[in-house]
Protein chains: 2
Amino acid sequence: MITLTATEENYLKYIYQLGEAQSGLVKTNDLAYKLEHSAASVTDMLKKLADKKLLTYTKYYGVSLTKTGLHIAKKVLRKHRLWETFLAKNLKFTWDKIHDIAEQLEHIQSDELTDKMDEYLGFPKFDPHGDPIPDKQGNISIPNVICLADAKLKKQYILQNVNDDSAIFLKYLNKIKLQLNDKIKIIDKEEFDETMEMLINDKMRITISNDAAKNMYVKSI
Amino acid sequence: MITLTATEENYLKYIYQLGEAQSGLVKTNDLAYKLEHSAASVTDMLKKLADKKLLTYTKYYGVSLTKTGLHIAKKVLRKHRLWETFLAKNLKFTWDKIHDIAEQLEHIQSDELTDKMDEYLGFPKFDPHGDPIPDKQGNISIPNVICLADAKLKKQYILQNVNDDSAIFLKYLNKIKLQLNDKIKIIDKEEFDETMEMLINDKMRITISNDAAKNMYVKSI
DNA sequence: TAATTTTTTTAGCTTAGCTTAAATATTTTA
DNA sequence: TAAAATATTTAAGCTAAGCTAAAAAAATTA
Ligand SMILES: [Mn+2]
Ligand SMILES: [Mn+2]
Ligand SMILES: [Mn+2]
Ligand SMILES: [Mn+2]
């Protein structure tokens, strides 16, 4: 059981998340942007992680996680999302505050703690942002969702997932009183800029931009 | 609000704990022993913490915490003991396993988290080892206890506190089935080596060495 | 009190994880 | 396809936090 530093764990986590979005191959500059480090620092660390056989690194080409690297990345994500669940559900934190604290808690090293937390929380499958929580074996429940930006007129949906964990976006959702599991009916979609008019829980009318809609995922009902 | 590294926080915490036991003045070698670092490393760090006005450092003489240093030390101890309480009470960890995990959790930076945990746990005054948990203001409940080694023959006591958080000592207590809040009646004390014979909860007879008794604190009933 | 032992500090080195600036490889554009 | 732009790596250097070995101060012992 190798133990990595918080820095190394963060690299693996972001490589996993960037790789998921793309083909699996992650570029130096994309990581540098995510981590807010210089590209030179990223190159150094990628070589180090490659030496440790946590990823395969091809100069000028990009990296992808090895089996071991993937396993660790998922474990970090599992811890992050379990802690977010605890902070929101048990401690009543608002969802815009949980991410930054979970960024610290995700690096606590104790498998027994992780598994006991999982049990304590009732083995949740999704975190407070609707993101899937990997189980002990690394299995992930893929929710059957579509992007709200692609939702159809007149149809009804449930808000399942937000794709942006930043405090600024989540505070905006708080302000317009939109929450996970709210019922959404698309009333109108402006042809010019794709601004959407929606009815929330059959009573509240709101209007959101296409930029906002792109960050939300819904399930049709 | 200055933020310290985990290393700096550990120094302040141990200086506080060593200073409590002694006059308040802490020596380089005592810290080196506690932290398992070389004395040279300790000297370096003490100078650095003195520069930050967290302690007063006099060459060859020793250190003592400033008001700011004391405040931070108590906050770290507060977090450590709140987390230990959570791990034992809520997650059902045995008391020999909680300390090492709390050593990591005590460095999570979020006053809001600390205070919400305190509330979630019902504002506990003592941790699972019987150590006092500083409140938000840094106030500490001093328990009215005596060392079990000094306990009187035939008298009855309640086990309130253990003074050694090491897994090896706590596992020993598990083995002899001795727990916090157990009732202890002193049956005999051997003159030769001060070995004690005791009746636990009016039914179980055990014999413990003076070394063990020195690590336990009791309240008379 | 002088010698010896112990404690503490100083000096010089190492590693992890970052930086900027310069060099080089790749990709895009004209 | 050659020039320009962009992406990536290399080189050199910094800070935090550790180390060992040597020097210096303080404490103990003879
Ligand atoms: Mn998050
Ligand atoms: Mn999340
Ligand atoms: Mn402890
Ligand atoms: Mn404790």
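Letters A, B, ... are given to chains in the order of the sequence lines, protein chains preceding strands, and every chain is numbered from 1. In what follows, every heavy atom counts, from backbone to side chain, and hydrogens, waters and symmetry copies are set aside.
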DNA chain C-proximal residues of residues 53-64 of chain B, any heavy atom under 4.0 Å: B:Tyr57, B:Lys59, B:Tyr60
In whole Å, I'd like the distance from the [atom1] atom of [X] to the [atom2] atom of [N].
| X | N | atom1 | atom2 | value |
| --- | --- | --- | --- | --- |
| A:Leu46 | D:dA7 | CG | P | 16 Å |
| B:Asp51 | D:dA16 | CG | P | 11 Å |
| B:Met45 | C:dT10 | CE | P | 16 Å |
| A:His37 | C:dT20 | NE2 | P | 11 Å |
| B:Lys27 | D:dA25 | NZ | C1' | 12 Å |
| A:Leu25 | D:dA7 | CG | P | 15 Å |
| A:Asp44 | D:dT8 | CG | C1' | 12 Å |
| B:Leu4 | D:dA16 | CG | C1' | 13 Å |

When you check the phosphate oxygens OP1 and OP2 of [N], does a side-chain N or O of [X] lie under 4.0 Å from one of them?
| X | N | value |
| --- | --- | --- |
| A:Thr28 | D:dT9 | yes |
| A:Thr43 | D:dT9 | yes |
| A:Asn29 | D:dT8 | yes |

Among C:dT20, C:dT10, D:dG18, the nucleotide that comes nearest once only the side chain of A:Ala40 is considered: C:dT20
Out of C:dT9, D:dA7, C:dT20, whichever nucleotide has its closest atom nearest the side chain of A:Ser38: C:dT20
Parallel, tilted or perpendicular: rings of A:Trp83 and B:Trp83 (30°, 60°): perpendicular
Where A:Tyr14 and A:Leu31 come nearest, the two heavy atoms and their spacing: CB-CD2, 3.9 Å
Test: [X] and [Y] ion pair at under 4.0 Å:
| X | Y | answer |
| --- | --- | --- |
| B:Asp115 | B:Arg78 | yes |
| A:Lys13 | A:Glu103 | yes |
| B:Glu119 | B:Lys136 | no |

Polar side-chain atom of A:Ser64 near backbone of A:Gly24 as donor-acceptor pair, under 3.5 Å: no
Donor-acceptor pair, side chain of A:Lys89 and main chain of A:Pro128, under 3.5 angstrom: no
Sugar-phosphate only, base, or nothing, as touched by B:Thr7 at under 4.0 Å among non-hydrogen atoms: sugar-phosphate
